[in-house]
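Here is the structure we will look at.
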Amino acid sequence: MTHTSFFKSAFLFLTALVLVSCDKDFNEIGADIIGDDNFQFEVDSSRTVIAYDLGFNQPGQGVQSNNLPINSLGFYNNPVFGKTAASFVTQVELAQLNPTIGANPVVQKVELNVPYFSRLISTDLDGNRTYKLDSIYGSSKFRLGVYASNYYLRDFDPATGFTQPQRYYSDQFDNFNSSLESPTPLNNGPSDENDEFFFNDDELLTYEPNEDGVQEIVARAAPGMRLKLRNDYFQEKLFSAVAQGQLTSNNTFKEYFRGLFFKAEPSATSPGQGSMAMLNFAQGKVTITYEVDGPVDSSGSATRVEKTMVLNLSGNSVNLFQNEYNPTYLAATGLPNADQTMGDDRLYLKGGQGSVAVIELFGPDLDNNGVSDELDAIRDSGWLINEANLTFQIDRDAMASAPEPQRIYLYDLDNNRPLLDFYADGSATGNPKFAKSIHGGLIKRTGLPGGRGVEYKIKITNHIRNLAKADLDSTNVRLGLVVTESINTVTSARLRTAISPEVDKIPVSSVMNPLGTVIYGTNASVPVAKRLKLKIYYTKEN
């Protein structure tokens, strides 16, 4: 009991100490502000903000896209940004090494499964479940071919003496497409599994005959991709490998069976539409069901025994993008088209192999002291920064019929890292996509959930506080703005060709997201009410 009391007291003391430390800056600048008539609360939105687009959407400008946590698959025509076919290649690994096959194996069925992101809506009295798919864009069909790849995905780059990981880029479609084992696809089921593929939200049912020969449901699963693959290919590929010793380790097996290539193309019936999904292929697998000789029964007849072999869709992977962008989008992005003096009137943020916006705060350094003149003025004023934010108004006319990204991400562009406000925000929810909600960047919609987007708001209070402290060596870095698929993924992906000497990477989270948005910029042609501004809420002495 005494020990418990001691630890509780120590915990309360330490907690109070942390809170006091966190509040130290506030009390140093203006103690006992509440109720003190010598202080007043103000808001400032007059500081210079310049924002413009950097596009990496030109031919030959790929972005590193190997081993992403989430990948895009499908063909989709975005009404704002244009057409994108997202294909995917992955290695496969044996779930069980050096399996005991048995005598005279004959493949009965090969099935590929990849789950979709979905949530259960309801279950009826018969146990039938209704699901709603998540991260699916568009509702039309596209052509999906699954091929055996003959392109070996290396772990390390031989150009670096095998000391650095191998990079693969989003624009390497032709390299993989020209390295197929055969032009004949492996998926040979009905048309809705290949030429007329779509992301079906039906639950997956597995049937088996009962004693009377009637098919009964024996298993239920959430919606996902379920494709029948060619028995003859796996008969030859796998059971020939046994005799060659190719199933003893996954390193050996991945050299022998180099992987699967998921190729997305427009459907003949809806060549201008299609659909695209975000998928976690690492949860996918190929199940090979086969029969081998079993024991002789009591009548002396040979029996057959059913067995399975599982290949996991794991190992190295690459997401590949083929883009046919709208001319309006291409003309609006990239350094040749950017207004770096006044800023652009619109900012086009696009994931995948798309575009990032640059934001510069506080204007020029006219007195050449190494600090922006506006920032000097704030430092001299002795302001107590209560809050600072950037609010991005969506061009609702431009985005009227396009899917909108749930979130955008602001980061230190010069150093490719999150801002201090990102690290300081410990807010969390059950859904990781909504984590760090105080720092923000989440879309604000009109009316009910699912309404059209109005704005994105990002708090940068701690970032501005640091810049406002003259005694700190805080550099006024350029900020980068991108769409994001996961706010918790903050690593960077390399660009094949640097946009400028200082910009050769972008956040991986942006490469993962296929969507884009159009927001108003800082050019004088933008109406004041819609223009991007930095708002600083502060306290000052009268």
Check: Heavy atoms, side chains only, cut-off 4.5 Å: are Thr308 and Ile288 in contact?
Finding: no
Worksheet entry | Residue pair Tyr290 / Leu238, side-chain heavy-atom distance below 4.5 Å | no
Which of parallel (below 30°), tilted (30 to 60°) and perpendicular (above 60°) describes Phe199 and Phe142?
-> tilted
Verdict with supporting geometry, Glu181 and Lys237, salt bridge (charged side-chain N to carboxylate O under 4.0 Å, His left out): CA-CA 11 Å; Glu181 282 192 18; Lys237 191 73 176 179; 3.0 Å; yes
So, [X] and [Y], do they make that salt bridge, N to O below 4.0 Å?
X	Y	value
Arg143	Glu196	no
Asp201	Lys132	no
Glu111	Arg226	yes
Arg445	Glu404	yes
Arg230	Asp232	yes

Would you say [Y] and [X] are linked by a side-chain donor-acceptor pair, where the criterion is simply a distance under 3.5 Å?
X	Y	answer
Glu93	Ser314	yes
Tyr329	Ser355	yes
Gln172	Asp174	no
Ser140	Ser270	no
Glu360	Tyr52	yes
Asn316	Asp155	yes
Asp412	Asn415	yes
Asn431	Thr429	no

So among [options], which one has a side-chain contact (heavy atoms from CB on, under 4.5 Å) with [X]?
X	options	value
Tyr233	Val107, Leu186, Val110, Asn188	Leu186
Val318	Tyr168, Tyr151, Phe88	Tyr168
Leu54	Thr333, Leu335, Ile506	Leu335

Residues 493-507 vs salt bridge (charged side-chain N to carboxylate O under 4.0 Å, His left out), sequence neighbours excluded, gives Asp171-Arg496, Arg494-Asp504
Legend entry - More than 12 heavy atoms from other groups under 6.0 Å of NZ on Lys263: yes
